[in-house]
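Please read the structure below before turning to the comments.
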Amino acid sequence: MRAGTGAGRRRGLATARLLGAALLTGGAVLGGGGAYAAPSPSPSGHATGHDDGRGGKGDGHGDRHGDDRTASPGASSPAAKPAAGPGTPAGKPAGVTGSAAPATARKPGPPPAGLVLQPADGAAVGIPTAAGLRQALAAALTDKSLGTVTFAVADATSGQILYGAGENTPATPASTTKLATSLAALTLIPGDTRITTRVVAGASPSDITLVGGGDPTLTALPADQVQIDGAPADADTAPASLEALATRTAAALKAAGTGTVRLGYDVSLYTGSPQHADYDATNIPLMTPLMVDEAKADPRSREEAPARVADPAGQAAEQFAALLRTHGITVDGKAKQTAAAAPAGSAVLAEVTSPTVARLVERLLTTSDNTLAEAVARQVALAAHKPAGFDGAAAAVTETLAGLGVRSAGLVLHDGSGLHAGNTIPPAVLVQLLGLASSPDHPELRPVLTGLPVAGFTGTLGKRYGAGSGAAEAAGLVRAKTGTRSGVNTLAGTVVDADGRLLSFAVMTRTTAPADTARAAMDRIVARLAACGCH
């Protein structure tokens with residue numbers, strides 16, 4: 001193994017890698033792209049599995065209570081056409097706007113410069129060897145706080161697994177499940193699609209219906225109070241405003257000479273039970289297609305697992321009614337849930353739209369947002385013509401990944417967020433997902449990479465890789481999705497090694513050690529990858 005070829009070269013590479021991380025952090029998000037598979041070598045195992053990876057219920061740490069708010073592609077597969085819904089043009093998922101062309105009609109082009117980290121020396125850079133990686137990682141992998149650990153390290157360019165242990169063994173992914181959800185969403189849904197919340201006319205001039213389109217980020221907060229990952233929202237990330245919807249609705253009603261209305265609300269877009277199997281009214285609310293500020297009891301709360309309201313849709317409708325009243329519209333009685341979906345031909349009085357799906361994917365990955373992940377998974381279900389519930393969404397994501405050539409062995413999904421204890425994904429599949437997102441043949445998937453938290457800087461990695469952690473040298477160089485359940489810690493992402501080659505990795509552990517201790521041990525493993533050329 002060699003860890004570099006001189007102090008000057010290492011300083012230059014470190015500078016280039018920091019610049020690359022900055023470019024990925026601030027890179028523009030792509031719009032829609034084609035659903036084309038990129039052939040690459042099949043990953044091969046290097047060791048037997050350690051355990052079956054199935055975990056129990058969380059205990060108040062990590063994804064379970066908000067800390068993570070929880071490639072060998074085969075032949076190309078045409079993306080499913082989005083399903084039409086009430087009041088929506090044919091060929092689009094209900095409640096969304098944006099490009100409607102089938103994914104197969106959008107031939108992917110080269111990704112924008114600076115959006116994908118490339119080897120510093122091009123083809124001349126050697127691929128790390130199994131022997132080199134074994135030597136570099138040996139000490140970090142023996143840390144007893146890891147418990148049982150399975151992992152895979154792959155060359156992100158080719159998808160070839162370079163080193164691993166138990167890489168084909170199914171393990172509990174926790175919030176790294178969100179990688180699968182995000183990849184499927186950007187495969188089936190154009191990245192510039194926006195989720196729409198509408199108000200439509202009813203059977204009489206005095207009847208109006210608020211139609212939930214599946215946007216949990218719809219906000220009742222003033223624009224200057226909206227924050228995402230602790231920072232003010234900008235023009236691209238700002239959520240749709242309930243106040244704006246009320247203002248536009250009131251204007252339309254007054255223009256028609258209507259001053260008094262009866263308000264109904266339509267939540268027919270989703271099917272099945274709204275309650276997650278691991279529901280606790282903090283990590284995730286009841287999943288309805290109409291909610292405001294992710295159904296937080298305190299919309300300004302910065303808690304990792306805030307209290308949620310008991311009736312998200314009803315609360316959103318009442319907030320909307322209150323806003324209409326402030327604009328001079330009398331709302332007769334309480335808002336009532338409609339018995340059926342609003343007719344497809346209903347006149348639209350007003351509407352507001354979410355940020356693009358590409359931006360929503362970035363947000364749900366950076367902050368590990370369970371509610372947004374489940375909402376995006378339901379948009380995948382709608383696009384795949386499946387029921388928009390937990391089961392339909394999980395099936396849609398699984399089938400979409402299979403169409404991209406993702407290995408199905410050991411991949412079991414029950415939700416889109418990773419809160420479900422029964423989800424399993426082998427490390428080899430996680431690195432395959434990252435390989436697809438890194439591929440120049442899939443520019444439409446790039447927001448999966450740009451949404452990954454940056455070590456020491458953003459999202460769920462913002463407080464990791466700090467001074468004294470033993471991994472501080474990798475701060476700014478690692479981008480990875482975190483995952484935590486009771487006794488389970490996972491980390492899957494990308495890192496640029498000392499030679500400038502982009503590697504993908506997945507580390508999955510089961511341990512009785514405290515979550516913070518196990519996470520720090522995993523971070524040190526990844527830091528060793530960043531520090532070596534490993535030839």
Side-chain angles (χ1 to χ4, degrees), residues 18 21-31 66-69 97-98 114-115 178 182 191-197 213 215-248 285 291-309 316 319-320 323 326 351-373 375-376 446-466 475-476 479 481-482:
L18 283 167
L23 286 170
L24 274 175
T25 303
V29 174
L30 303 180
D67 175 71
D68 286 311
R69 294 172 296 269
T97 61
L115 205 55
K178 295 180 176 72
S182 299
D192 60 357
T193 301
R194 298 174 185 268
I195 302 174
T196 304
T197 304
D215 176 15
T217 68
L218 178 68
T219 186
L221 291 173
D224 61 357
Q225 295 183 24
V226 176
Q227 291 193 342
I228 300 173
D229 195 23
D234 58 24
D236 289 332
T237 60
S241 167
L242 192 68
E243 164 64 30
L245 184 63
T247 300
R248 295 169 191 174
M291 65 176 73
V292 174
D293 294 304
E294 299 195 338
K296 295 178 183 179
D298 175 6
R300 296 173 179 82
S301 174
R302 296 287 304 279
E303 293 183 24
E304 294 174 342
R308 313 282 180 158
V309 301
Q319 283 188 284
F320 181 68
L323 289 170
T326 66
E351 61 182 32
V352 290
T353 59
S354 73
T356 65
V357 165
R359 288 300 191 202
L360 294 178
V361 163
E362 287 187 319
R363 174 173 170 174
L364 76 88
L365 289 171
T366 300
T367 62
S368 204
D369 189 319
N370 293 322
T371 307
L372 184 52
V376 169
R446 210 68 71 235
V448 173
L449 295 186
T450 57
L452 294 176
V454 179
F457 288 93
T458 62
T460 55
L461 287 184
K463 296 181 180 179
R464 290 166 64 168
Y465 292 83
R479 301 195 67 129
K481 183 69 199 75
T482 55

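All values below were derived from every heavy atom in this structure, side-chain atoms included, with hydrogens, water molecules and symmetry-related copies excluded.
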#### Entry: side-chain hydrogen bond (donor to acceptor under 3.5 Å, both in side chains) partners for D234, two or more places apart
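T237.
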### Task
Mind checking side-chain hydrogen bond (donor to acceptor under 3.5 Å, both in side chains) for T219 and listing every partner two or more places apart, or none if nothing turns up?
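If we apply the side-chain hydrogen bond (donor to acceptor under 3.5 Å, both in side chains) test to T219, skipping adjacent residues, the hits are D293.
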Between [X] and [Y], what is the shortest heavy-atom contact and its length?
| X | Y | value |
| --- | --- | --- |
| G213 | I195 | O-CG2, 3.2 Å |
| T366 | G451 | OG1-O, 2.7 Å |
| P355 | A238 | CG-O, 3.4 Å |
| R479 | T450 | NH2-O, 2.7 Å |
| G191 | T356 | O-CB, 3.2 Å |

### Partners meeting salt bridge (Lys or Arg N to Asp or Glu O under 4.0 Å) with D298 (sequence neighbours left out)
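Here no residue qualifies.
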Output all residues satisfying side chain to side chain contact (heavy atoms under 4.5 Å, CB included) with [X], sequence neighbours left out; order by chain, then residue number.
| X | answer |
| --- | --- |
| A244 | S241, R248, V352 |
| P306 | K296, S301, E303, R308 |
| L242 | L218, A220, L245, V292, Q319, F320, L323 |

### Task
Go through the steps for E351 and T196 under the test side-chain hydrogen bond (donor to acceptor under 3.5 Å, both in side chains), then give the verdict.
CA-CA 7 Å; E351 61 182 32; T196 304; 5.2 Å; no
### Task
First locate atom OG1 of T367, then atom CG of L372, and finally report the distance between them rounded to the nearest 0.5 Å.
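Taking OG1 in T367 and CG in L372, the distance rounds to 7.0 Å.
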